[in-house]
Amino acid sequence: MTTERISRLGHLFRQERLSTEVTDLFREIINDHYRENARILPWRSTFDPYAIYVSEVMLQQTQVERVRVKYEEFLARFPDITTLAGAPLHEVLAVWQGLGYNRRAVLLKKCAETLMERFNGTLPSAAEALETLPGIGHYTARAIAAFAFGAAAPFIETNIRTVFIHLFLPDRDRVHDREILPLVEGTIDHTDPRRWYYALMDYGAHLKRTHVNPSRRSAHHTRQAPFKGSNRELRSRILRAVMAQPGISGAGLADQLDTAITAVIDNLQQMESEGLITLQQGLCRIP
DNA sequence: AAGCCGGGGCG
DNA sequence: CGCCCAGGCTT
């Protein structure tokens with residue numbers, strides 16, 4: 001029974017830390033769950049580093065179910081690095097609309113350009129090299145290395161964090177990632193790192209559905225300010241308005257979109273402080 | 001370490 | 001309405 005194995009794992013870990021027995025039992029629990037509940041996802045059935053890279057960027061702070069559709073649409077329009085690097089930014093942003101965190105789209109294209117200029121139009125396989133690229137941080141670099149190139153370097157994201165906090169640190173609060181990372185590293189199933197990380201993440205996603213989100217007990221857990229009335233809502237609307245303009249394809253404005261939007265917001269708020277307009281619920285209304 | 005970078009779906 | 005999401009970047 002799984003619940004019995006889980007309580008035994010917690011008990012053993014308190015006594016022996018990552019003993020061979022603990023590690024084996026842990027892998028058994030994760031792999032057994034995956035055997036029955038593996039999620040079938042489009043980016044899991046390819047080894048194309050570019051496609052996997054695109055999926056990883058889309059999945060940053062964005063739920064799997066919302067990425068499914070965009071992933072297909074994006075790859076159909078920008079099937080490879082060369083196409084993406086050569087595409088106008090406004091077209092990339094147009095396809096991105098609805099995913100959020102639009103900066104990801106800007107960095108995605110910038111990264112493609114960098115790959116053309118400095119990496120012969122291909123993604124490097126080493127995490128250390130991937131991490132130097134725009135929009136690719138510690139997690140994404142190692143995820144790409146694992147999923148596209150079979151590397152086993154340890155990494156943490158919200159699902160993995162959830163698994164280790166729930167199974168190994170059930171009665172702890174404010175758990176720091178530096179405490180989790182050695183546990184990730186010490187329990188990696190080296191027979192197939194790609195499959196192992198899929199299994200780990202699927203188990204974490206499962207825990208989030210069946211328990212009060214265990215990652216709330218992470219030291220890094222923060223809740224986001226409300227979207228309504230925020231600068232993010234303003235930015236979103238301004239971007240959509242700018243995108244709707246016929247002449248927006250000009251490279252000059254497109255490349256400085258973020259700067260332009262920030263300047264607009266700053267001006268709006270300045271105007272509000274001068275009493276020229278009122279900003280209400282994130283909307284600009286002329287009195 | 002803390003804040004900011006969207007948007008949608010779900011309880 | 002509050003919550004969260006395969007994080008990254010800046011300060």
Side-chain angles (χ1 to χ4, degrees), chain A residues 38-39 41-44 51-71 93 95-108 110-111 127 130-148 153-164 174 176-178 184 193-240 243 257-262 265-266 281-282:
Chain A
R39 289 180 291 183
L41 303 171
W43 46 89
R44 288 185 176 182
I52 291 169
Y53 158 57
V54 169
S55 79
E56 284 306 328
V57 173
M58 286 188 170
L59 286 161
Q60 288 169 3
Q61 292 293 288
T62 307
Q63 260 126 355
V64 164
E65 290 312 316
R66 299 209 302 119
V67 170
R68 279 182 186 272
V69 179
K70 280 292 178 187
Y71 172 80
L93 285 168
V95 175
W96 198 267
Q97 271 296 334
L99 261 189
Y101 286 164
N102 301 293
R103 185 171 50 186
R104 290 183 295 174
V106 178
L107 295 181
L108 201 58
K110 183 179 290 184
C111 179
L130 289 164
E131 207 173 349
T132 68
L133 293 162
I136 299 182
H138 183 275
Y139 161 73
T140 302
R142 279 149 194 82
I144 295 172
F147 299 144
F155 56 81
I156 295 176
E157 48 72 69
T158 183
N159 293 311
I160 294 176
R161 195 176 282 131
T162 294
V163 171
F164 284 89
R174 297 195 61 76
H176 201 284
D177 280 352
R178 63 172 165 262
V184 176
R194 166 165 153 142
R195 179 193 158 90
W196 170 248
Y197 282 118
Y198 287 161
L200 215 44
M201 293 161 94
D202 282 9
Y203 193 74
H206 164 71
L207 287 175
K208 284 170 181 294
R209 286 192 302 272
T210 55
H211 296 72
V212 177
N213 191 357
S215 75
R216 282 190 192 179
R217 294 190 282 114
S218 163
H220 311 284
H221 179 77
T222 55
R223 29 186 77 143
Q224 199 174 46
F227 178 64
K228 272 258 174 270
S230 68
N231 269 7
R232 302 198 333 272
E233 183 179 20
L234 261 183
R235 295 179 62 90
S236 158
R237 285 177 165 251
I238 292 169
L239 176 61
R240 252 177 287 179
M243 296 287 295
L257 219 39
D258 187 72
T259 309
I261 291 173
T262 302
I265 292 176
D266 286 349
Q281 296 180 342

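By convention in this document, chain letters (A, B, ...) are assigned in the order of the sequence lines, proteins followed by strands, and residues within each chain are numbered from 1. Keep in mind that this is a model prediction, so the values were computed, not measured.
- In this structure a side-chain-to-backbone donor-acceptor pair under 3.5 Å is missing from A:Glu65 to A:Arg68.
- Between A:Tyr53 atom OH and C:dG7 atom C1' there is a gap of 13 Å when expressed in whole angstrom units.
- Closest-nucleotide positions on DNA chain B for A:His220 and A:Phe227 were compared, and the one nearer the 5' end corresponds to A:His220.
- Straight-line distance from the CZ atom of A:Arg103 to the P atom of C:dT10: 7 Å, rounded to whole Å.
- Residue contacts shown for A:Trp43 include a base, since a base heavy atom lies under 4.0 Å away.
- Remark: A:His176 is in phosphate contact with B:dA1, judged by side-chain N or O atoms under 4.0 Å from OP1 or OP2.
- Against DNA chain C, the stretch residues 194-203 of chain A makes heavy-atom approaches under 4.0 Å through A:Met201.
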Produce the list of close N/O pairs, under 3.5 Å, pairing protein atoms with atoms of nucleotides 2-5 of chain C; give distances to one decimal.
{"from": "C:dC3", "atom 1": "OP1", "to": "A:Arg223", "atom 2": "NH1", "distance (Å)": "3.4"}
{"from": "C:dC3", "atom 1": "O3'", "to": "A:Arg216", "atom 2": "NH2", "distance (Å)": "3.4"}
{"from": "C:dC4", "atom 1": "OP1", "to": "A:Arg216", "atom 2": "NE", "distance (Å)": "2.6"}
{"from": "C:dC4", "atom 1": "O3'", "to": "A:Asn213", "atom 2": "ND2", "distance (Å)": "3.3"}
{"from": "C:dC5", "atom 1": "OP1", "to": "A:Thr158", "atom 2": "OG1", "distance (Å)": "2.9"}
{"from": "C:dC5", "atom 1": "OP1", "to": "A:Lys208", "atom 2": "NZ", "distance (Å)": "2.2"}
{"from": "C:dC5", "atom 1": "OP1", "to": "A:Asn213", "atom 2": "ND2", "distance (Å)": "3.4"}
{"from": "C:dC5", "atom 1": "O4'", "to": "A:Gln63", "atom 2": "NE2", "distance (Å)": "3.0"}
{"from": "C:dC5", "atom 1": "O2", "to": "A:Gln63", "atom 2": "OE1", "distance (Å)": "3.2"}
{"from": "C:dC5", "atom 1": "N4", "to": "A:Gln224", "atom 2": "OE1", "distance (Å)": "3.3"}

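- Of the listed nucleotides (C:dA6, B:dG6, C:dG8), C:dA6 has the atom at the smallest distance from the side chain of A:Arg39.
- Residue A:Leu239 contributes atom CG, which lies 10 Å from atom C1' of B:dG6 at whole-angstrom precision.
- Taking the six-membered ring where tryptophan is involved, the planes of A:Tyr198 and A:Phe147 are essentially parallel, since the angle between them stays under 30° and well short of 60°.
- If you measure from atom CG of A:Asn102 to atom C1' of C:dC9, you get 16 Å, rounded to the nearest angstrom.
- Between A:Lys208 and A:Ser215, the shortest heavy-atom contact is NZ-OG, 3.5 Å.
- Remark: C1' of B:dA1 and CG of A:Asp177 are 13 Å apart, rounded to the nearest angstrom.
- A:Arg240 contributes no side-chain N or O that, together with a main-chain N or O of A:Gln97, makes up a donor-acceptor pair within less than 3.5 Å.
- Scanning atom types as modelled, one donor and one acceptor separated by under 3.5 angstrom connect the side chain of A:Arg44 and the base of C:dA6.
- Distance noted for atom C1' between C:dA6 and B:dG11: 23 Å (whole Å).
- Nucleotide B:dG9 holds its P atom 15 Å from the CZ atom of A:Arg68, rounded to whole Å.
- The side chain of A:Arg235 contributes an N or O atom lying less than 4.0 Å from OP1 or OP2 of B:dG6.
- Distances shown here put every side-chain N or O of A:Ser230 at or beyond 4.0 Å from the OP1 or OP2 atom of B:dG6.
- Side-chain atoms of A:Arg194 come within 3.5 Å of backbone N or O of A:Arg44 as a donor-acceptor pair.
- When the P atom of C:dC9 is taken as reference, atom NE2 of A:His138 falls 13 Å away, rounded to whole Å.
- The distance between atom NZ of A:Lys70 and atom C1' of B:dG6, rounded to the nearest whole Å, is 12 Å.
- At a threshold of 4.0 angstrom between heavy atoms, the contacts of A:Ile160 with the nucleic acid are absent.
- When heavy atoms are screened at a 4.0 angstrom cut-off, A:Gly100 is found touching base atoms of the nucleic acid.
- A distance of 11.5 Å separates CG of A:Leu59 from CD1 of A:Ile52, quoted to the nearest 0.5 Å.
- At a cut-off of 3.5 Å, with distance as the only test, no side-chain donor of A:Thr62 or A:Lys70 sits close to an acceptor on the other residue.
- A:Arg104 contributes a side-chain N or O that, together with a main-chain N or O of A:Met58, makes up a donor-acceptor pair within less than 3.5 Å.
- Separating the C1' atom of C:dC3 from that of B:dG6 is a span of 15 Å, rounded to the nearest Å.
- Taking CD1 from A:Ile136 and CG from A:Leu130, the interatomic distance works out to 5.5 Å, rounded to the nearest 0.5 Å.
- Among the atoms of the strands shown, none is found under 4.0 Å from any heavy atom of A:Ile52.
- In terms of the side-chain contact (heavy atoms from CB on, under 4.5 Å) criterion, residue partners of A:Ala153 (sequence neighbours excluded) are, by chain and number, A:Arg142.
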